Amino acid sequence: MTELQIRQFPCLNDNYGFLIHDPDSGETACIDTPDPEKILAEAAAADWRITQIWNTHHHFDHAGGNAALVAATGAQVIAAKYDNHRIENISREIADGDHVELGQFRAKVMFTPGHTLGHIAYYFPTEKAAFVGDTLFALGCGRLFEGSPAQMWDSLQSLAALPEETRVYCAHEYTQANAQFALTVDPDNGDLRAYATSVDAERARGEATVPTTIGAEKAANPFLRPNNSGIRSHLGLADDMNDDEVFAEIRRRKDSF
Ligand code: ZN
Ligand code: FE
C-alpha cells in the first residue's frame, strides 16, 4: 500500500515546514507557508510540484508566504472559513468535520480554536498523522492569543482523543524550552523526565524533536494532564477544580516562565 510521503524541514527561527506528497497522483500539499523560498527549494529537491497549500491559521509564520507560493506554483489554498478575511488567496474555505484530499489520501479537518479563533488541524486517520499547527506542541501548547483557556482545553482534548500512535507534526521546535517548564509543573513524572533527557540528547545532536506522538504527549505533556493529582498537588490546586481551570493556571504559569 502506498504511504503518504512527508518531508519536514526547518524554516525561519524555529518553525517547521512540511510538504506532503501522494506519489500515485503526484499531488503535493504544503502545510502552511513559513518561508516560500525554502519551501520551493525543498519541493525542487524532492522533485515534487506543489499543487495545494493547507493553512492551519492566519499568523504570518504560517500563512505569510501564501501569495508568493501561489504566484510561483498556482497552488490551491485551503484555509478555515473563519479566517477568510485574514488569509490571502483562499480557494476553498473549510470548517470542522470537512475533509480535504491529497490524491488518494483524505484528511479530516479538526477545528482547534485557542491559539487563534480560526485555528484548524489536519488529521489523516489512515496515515496515523496529524498536522496541528500551533495548537499542540511537544511538551507544550500554543499561547492563547485569541481563545479562552476553556476553548483551548476543548481543542487539546479532541487531539488527545486521537489514537496514541498518531504522529503529531507541530509547527515549531519549542520542545527543549517546553520541557524545562514542564518539569517545574510535574517534576515527579518519570515519563516526563525520560522524555526531557532524550530531547536534550536529540537537540545536542542537532536533531528535530518533531514529530511526537499522542501517546508520548498524554504521558508527559502537562497541558494534556490538568486532571493529574500529582500536578494538582504540586501546584497547590484543589482536587475538585475543573480541568479547564487547572489548564488555565498551567498556561498562565508558562506565559510568565
Ligand atoms: Zn501562530
Ligand atoms: Fe507559529
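Small disclaimer: the values here were computed from a predicted structure and weren't measured. Numbering of ligands and ligand atoms starts at 1, following listing order.
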His115 near the Zn ion (ligand 1): N/O/S under 2.8 Å:
yes

Quick one: are Asp243 and Arg232 in side-chain contact, heavy atoms under 4.5 Å?
yes

ND1 (His59) to the Zn ion (ligand 1) to NE2 (His57): angle, nearest 10 degrees?
90°

With the Fe ion (ligand 2) at the apex, how many degrees lie between OD2 of Asp61 and OD2 of Asp134, rounded to 10 degrees?
170°

Under 4.0 Å between a Lys/Arg side-chain N and an Asp/Glu carboxylate O for Asp255 and Arg252?
no

Could you check if a side-chain atom of Leu4 sits within less than 4.5 angstrom of a side-chain atom of Leu102, using non-hydrogen atoms only?
yes

Any chance the rings of Phe131 and Phe18 have centres within less than 6.0 Å?
yes

Is the gap between the ring centers of His59 and His115 under 6.0 Å?
yes

Vertex the Fe ion (ligand 2), ends His62/NE2 and His172/NE2: angle to nearest 10° comes to 110°

In Asp134, which N, O or S atom comes closest to the Zn ion (ligand 1)?
OD2

